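Read the structure below first, then the notes.
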Amino acid sequence: MAREYNPKEIETKWQTEWEKSGIYQANNNSKKPKYYALVEFPYPSGVGIHLGHVRAYTAMDIIARKRWMEGFNVLYPIGWDSFGLPTENYAIKTGRQPAEITKENTDNFRAQLKRLGLSFDWSREIDTSNPKYYKWTQWIFLKFLEKGLAYKAKIPINWCPKCKIGLANEEVVDGGCERCGTSVEQKEKEQWMLAITKYAERLEKDLDSVDYPKRVKTQQKNWIGRSEGVLIKFDDVEIFTTRPDTIFGATFVVVNGKEDKFTGRFVTNPATKEKIPVWEAEYVMSDYGTGAIMGVPADDERDMIFAKKHNLAIIKEYQRAKFEDFGKRVVKYKLRDWVFSRQRYWGEPIPVIHCDKCGVVPVPEKDLPVELPKVDKYEPGPDGESPLANITEWVNVKCPNCNEQAKRETDVMPNWAGSSWYFLRYCDPFNDREFASLDKLKYWLDGDLPRHGGVDWYNGGMEHTVLHLLYSRFWNKFLYDLKLVPTSEPYKKRTSHGLILAEGGEKMSKSKGNVINPDTIAERFGADTLRLYEMFMGPFEQAIAWSEDALVGPRRFLEKVWRLQSKVSKGLTLKSETLMHQTIKKVSDDIESMGFNTAVSALMIYVNALDKQKEIFQKEFETLILLLAPFAPHITEELWASLGHKDSIHVQSWPTYDLKKLVKDEVNLAVQVDGKVRANLLVTRSQSEEEIRINVLALSEVQKWLGGKNPKKIIMIPGKIVSIVT
RNA sequence: GCCCGGGUGGCGAAAUUGGUAGACGCGCGAGACUUAAAAUUUCGUGACCGUAAGGUUAUGUGGGUUCGAUUCCCACCCCGGGCACCA
């Protein structure tokens, strides 16, 4: 009697074994071709990993494992994006140090991820809130400052007048402060900015050279919002338009304002020489173009609505102008510069010093990192400054230039900073002289092919396809211009996974109490079942609702695979040879296109066929578990060992298929009469079209539906369908 | 409001370039095994009419193109993601 399938026992056993042997460690000096597979590193929140992490990390794990089996030297790293607001808020609530909370959370995350049997190279773990890491985040900021791309500007922030604190958009609920409900005001504040708009053109253009899904490219393009137009002067009001050809139809001018109102002024339309009114309205954006537009109601839907609402003139027929008749061609972008300051504690301190004499002085490189001091209280400064402003012994320093009394900058960076370059650090995670050595970056990012270089495959959430992706492309391009990284684009290929929703289709959230802990599931069903289920549950790119009931399907499947081993015998004749080759092809192709649900389904079909056989030959069974290994690494390792193999299944070669053995000789042809299937006909590959045509017309069902009439037309699609039109 | 996706049985879904809609799995029904239950296993399972053979109908709604539409086009409805200080 064979042993029962006991996932808990074998999963712990093999996880320990793999950790000991270090089989997933990337090699910096390998003769094999390299492969860099990347997933978005998690924000280590207090609630632990969620099902979405399992989905994304398992998917990339399958790809990484397949690459190992295909003979690549794989880098599949992981780390922690650990600065951020929730940890700071939790620290305020509990009176504990954010660093201490982060340590607890990352320890928990690490243990949870390890229990899933992911093939991460844990020897390269990084953490954005570790001073050894953020030293380099600060260093990169100083480069931005040095090149004039970091600057200060007055920007309105959300301000709670009662708490005297700047609020994140997320902390504003229905226009009020999340904590006290007081109406939020806009307050102008000096903020550090990064000039991402200087890179707008390249960020847009270079999308052509990368392999991103179309919808991701479209999202990025729309966000950058490139438009070609002209600047035209209506007297002293300069407008921007992408449709200068419609200028003869312009009956009013609109500038940005809080509410719709007539300014009382008139300006001259340079085309018609008519005097037209200047209005204010909210629909015209102050920070796009010149903040003023010409209103052409006949050609623009929004202008039409505005004209009708306020009884403005509408000219329906007018002369078309040439593009540059009345102004000069310019390119404008919707993209705005990046507000890089946060008046918070738990982020990278911005490494500059303010000196009355010298102005803004960068912290010298030898003094990096500017470490976060420990604090006891997180109250903001009197004018809404960061809590750091209250720590006088930290704030007061000598100016590195003139040695006079000076003050540290107390703003910290946004959470996006650390994640804008982390993929570079993985290539050389413990370097203390540079953020990463160019040699190592060249090896892992294909330095010789700048147009095609970068991380080989980067998967992450749909919710990051605009901001994080754009920010990290920007940082990479900046570093590329300084010749510090080898490729102009950071990621060769990007894919995105869909969200996992709660049962019933709602978003999972702590407040709704519908969050499912992957640990509980792994405990009850096994990590292999959880992995397999998340791959099987639906299309990877789409949002999907969790269903606990459906979990038993993959579990039963694994038990069936487990039972098959008792029927394995040595033998040469393969009973399911065609199906075996089809399965190899289907699973191999589907993994590449992230069609994991159909890959699992193909494995199920193969297993069902093997299950019906009296005996299974070793090659049929080994092919099965090799194909299954990336999905369910523990059970397949155990079965592989049970067959008597001494080395791991995860270092074996990926199965290959024989093209000649993929197709059967006979095909079932559907026969349609007037668009409806009325009969079927079995044909062989050697039969001619004419022969098939005669056989089809001789079918009794076809005769019946023709009712004695002659067909007008017969359309033949080889191997698929014959369509008869009467 | 703006930008990007999606809508197919009781449920999750599949369907190559426009070519037999519903693979695979869950659930459900009937049978086998069992003292019984669980597990396993066999068969069935979109809806409607019919004892059956068979027929009709069906991919969010309405229209169009086509021998043929889940797939292409137009209009509408509903759901999800993002909107720059959540990560």
Side-chain angles (χ1 to χ4, degrees), chain A residues 4 40-43 45 81 83-86 89 155 157-158 166-172 191 196 213-223 225 282-283 302 334-344 347 414-416 419 461-468 470-471 496 498-499 501 503 505-507 533 536-539 541-554 556-557 559-560 563 589 595 597-605 607-608 611 668-680 701 711-717 719-726:
Chain A
E4 291 220 346
E40 285 168 354
F41 59 166
Y43 175 74
S45 74
D81 188 14
F83 275 133
L85 205 51
N89 286 340
I155 293 288
I157 62 163
N158 300 313
L167 297 173
N169 284 347
E170 199 194 41
E171 297 172 299
V172 180
Q191 305 268 52
I196 189 172
K214 215 172 117 198
R215 59 174 170 164
V216 172
K217 283 193 188 184
T218 313
Q219 278 284 63
Q220 291 237 334
K221 278 194 180 168
N222 290 344
W223 189 261
E282 209 180 354
Y283 82 95
R302 281 176 316 178
K334 277 207 188 94
L335 186 69
R336 310 201 294 258
D337 275 346
W338 177 2
V339 181
F340 202 66
S341 283
R342 300 290 184 273
Q343 288 73 47
R344 291 286 176 169
N415 172 273
W416 305 104
S419 61
M462 228 18 236
E463 70 275 21
H464 291 139
T465 55
V466 176
L467 293 179
H468 161 64
L470 199 67
Y471 290 154
S496 294
L499 221 62
L501 307 166
E503 306 214 25
E506 276 193 311
K507 208 172 168 171
Y533 172 62
F536 182 60
M537 66 195 296
E541 311 77 33
Q542 277 174 38
I544 195 160
W546 178 256
S547 163
E548 185 127 350
D549 291 343
L551 261 163
V552 295
R556 280 179 197 155
F557 166 77
E559 276 171 3
K560 200 181 269 186
R563 284 197 305 271
D589 292 354
N597 51 337
T598 48
V600 175
S601 149
L603 288 167
M604 285 171 168
I605 291 167
V607 163
N608 289 343
D611 192 39
N668 189 26
L669 214 58
V671 181
Q672 291 188 340
V673 180
D674 287 333
K676 285 192 176 157
V677 179
R678 298 300 184 182
N680 282 284
E701 291 96 331
K712 269 192 203 136
K713 202 164 148 193
I714 299 178
I715 298 147
M716 302 191 71
I717 310 294
K720 280 180 183 155
I721 214 158
V722 178
S723 183
I724 303 169
V725 189
T726 67

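None of these values were measured; they are calculated from a predicted model. Here is how names work: the chains are called A, B, and so on, in the same order as the sequence lines, proteins then strands, and each is numbered from 1. Only heavy atoms go into these numbers, but all of them, side chains included; no hydrogens, no water, no symmetry mates.
The backbone N or O of A:F83 lies less than 3.5 Å from a partner atom in the side chain of A:N415, making a donor-acceptor pair. Between the A:Q191 side chain and the A:F340 main chain, no donor and acceptor come within less than 3.5 Å of each other. Judged by distance alone, with hydrogens and angles left aside, the side-chain atoms of A:N158 form no donor-acceptor pair with the main-chain N or O of A:G166 at under 3.5 Å.
Classification of B:rG50 as anti follows from a glycosidic angle more than 90° from 0.
If you take atom P in B:rU59 and the same atom in B:rG7, they sit 14 Å apart, rounded to whole Å. B:rA15 and B:rC24 are spaced 14 Å apart, taking the P atom of each and rounding to whole Å. Annotation: B:rA32 and B:rU17 have their P atoms spaced 48 Å apart (nearest Å). B:rU8 and B:rG80 have their P atoms separated by 14 Å, given to the nearest Å. Rounded to whole Å, the P atom of B:rC4 lies 46 Å from the corresponding atom of B:rG55. Between the P atoms of B:rA47 and B:rC83, the separation comes to 43 Å (whole Å). Nucleotides B:rC26 and B:rU40 place their P atoms 10 Å apart, quoted to the nearest Å. Annotation: B:rG62 and B:rC28 have their C1' atoms spaced 35 Å apart (nearest Å).
Protein atom CG of A:L501 is 17 Å distant from nucleotide atom P of B:rC11, rounded to whole Å. With rounding to whole Å, A:I544 atom CD1 is found 12 Å from B:rG7 atom P. Taking atom NZ of residue A:K560 and atom C1' of nucleotide B:rC26, one finds them 14 Å apart after rounding to whole Å. One interatomic measurement links the two molecules: CD1 of A:I605 to C1' of B:rA15, which rounds to 12 Å at whole-angstrom precision. When rounded to the nearest whole Å, the span between CZ of A:R215 and P of B:rG82 equals 13 Å. As a whole-Å value, the separation of A:L470 CG from B:rC4 P is 16 Å. Rounded to whole Å, atom C1' of B:rA15 lies 16 Å from atom CG of A:D589. Here the C1' atom of nucleotide B:rG5 and the CD atom of A:Q220 are 16 Å apart, to the nearest Å.
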Produce the list of close N/O pairs, under 3.5 Å, pairing protein atoms with atoms of nucleotides 84-87 of chain B; give distances to one decimal.
unit_1, atom_1, unit_2, atom_2, d
B:rA84, O5', A:N169, ND2, 3.4
B:rA84, N6, A:K334, O, 3.3
B:rA84, N1, A:R336, N, 3.2
B:rC85, O4', A:R342, NE, 3.0
B:rC85, O4', A:R342, NH2, 3.1
B:rC85, O3', A:N169, N, 3.4
B:rC85, O2', A:N169, N, 2.3
B:rC85, O2', A:N169, OD1, 3.2
B:rC85, N4, A:Q191, NE2, 2.4
B:rC86, OP2, A:E170, N, 3.0
B:rC86, O4', A:E170, OE1, 3.1
B:rA87, OP1, A:L85, N, 2.9
B:rA87, O3', A:D81, OD2, 3.3
B:rA87, O3', A:N415, OD1, 3.4
B:rA87, O3', A:N415, ND2, 3.4
B:rA87, N3, A:H464, NE2, 3.2

Every protein N/O lying under 3.5 Å from an N/O of nucleotides 17-21 of chain B:
unit_1, atom_1, unit_2, atom_2, d
B:rG19, N2, A:Q672, OE1, 3.2
B:rU20, N3, A:N680, OD1, 3.4
B:rU20, O4, A:N668, O, 3.2
B:rU20, O4, A:N668, ND2, 3.2

What's touching nucleotides 44-49 of chain B from the protein side, N or O pairs under 3.5 Å?
none

What protein N or O atoms touch nucleotides 52-56 of chain B N or O atoms at under 3.5 angstrom, if any, and at what distances?
unit_1, atom_1, unit_2, atom_2, d
B:rU56, OP1, A:R678, NH2, 3.4
B:rU56, OP2, A:R678, NH1, 3.2

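Look at A:N597 and you'll find a side-chain N or O under 4.0 angstrom from OP1 or OP2 of B:rA14. Using a 4.0 Å cut-off, no side-chain N or O of A:N608 falls inside it from OP1 or OP2 of B:rA23.
Note that CD of A:Q220 is 9.0 Å distant from CG of A:L467, once rounded to the nearest 0.5 Å. How far CH2 of A:W223 is from CG of A:L470: 9.0 Å, rounded to the nearest 0.5 Å. In this structure, the separation between OG1 on A:T726 and CD1 on A:I714 is 11.5 Å, given to the nearest 0.5 Å.
Residue A:I721 comes nearest to A:L669 through the heavy atom pair N-CD1, 3.8 Å, listed as atom of the first residue, atom of the second, then distance. In plain terms, the two heavy atoms of A:P711 and A:I724 that are nearest each other are CB-CG2, 3.5 Å. Pairing each heavy atom of A:R342 with each of A:W416, the nearest pair is NH2-CD1, 4.3 Å. Summarising the geometry of A:A545 relative to A:M537, their closest heavy-atom pair is O-CE, 3.7 Å, with the distance given to 0.1 Å. Counting all heavy atoms, side chain and backbone alike, A:Y533 lies closest to A:S547 at OH-O, 3.3 Å. Minimum heavy-atom separation, A:G595 to A:T598: O-OG1, 2.9 Å.
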(message) If you apply the rule side-chain hydrogen bond (donor to acceptor under 3.5 Å, both in side chains), what do you find for A:E40 with A:H468, and how did you get there?
(response) CA-CA 10 Å; A:E40 285 168 354; A:H468 161 64; 4.5 Å; no

(message) Using the rule given for side-chain contact (heavy atoms from CB on, under 4.5 Å), can you reason through A:E559 versus A:R563, listing the C-alpha separation, both sets of side-chain angles and the distance that settles it, and then say yes or no?
(response) CA-CA 6 Å; A:E559 276 171 3; A:R563 284 197 305 271; 4.1 Å; yes

(message) If you apply the rule side-chain hydrogen bond (donor to acceptor under 3.5 Å, both in side chains), what do you find for A:K560 with A:N608, and how did you get there?
(response) CA-CA 9 Å; A:K560 200 181 269 186; A:N608 289 343; 3.0 Å; yes

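Salt bridge annotation for A:R344-A:E171: present, with a cationic side-chain nitrogen under 4.0 angstrom from a carboxylate oxygen.
Backbone-only engagement by A:V552 is indicated by non-hydrogen atom pairs under 4.0 Å involving sugar-phosphate atoms exclusively.
Heavy-atom distances to RNA chain B give each of A:Y533 and A:T218 a nearest nucleotide, and the one nearer the 5′ end belongs to A:T218. Mapping A:G538 and A:S601 onto RNA chain B by nearest heavy atom places A:G538 at the nucleotide closer to the 5' end.
The listed nucleotides are B:rG25, B:rG6, B:rU40; the one nearest the side chain of A:M604 is B:rG25.
The aromatic rings of A:W338 and A:Y471 lie parallel to each other, their planes meeting at an angle below 30°, with 60° marking the opposite boundary.
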(message) Just to be sure I follow the notation: if a pair is Watson-Crick (purine N1 to pyrimidine N3 plus N6-O4 or O6-N4) or a G-U wobble (N1-O2 and O6-N3), each under 3.5 Å, what dot-bracket string does RNA chain B give, with | for pairs to another strand?
(response) (((((((..(((......[....)))((((((.......))))))((((....))))..(((((..]....))))))))))))....

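Legend: residues meeting ring-ring contact (aromatic ring centres under 6.0 Å, His included) with A:F536, ordered by chain and number and at least two apart, are absent.
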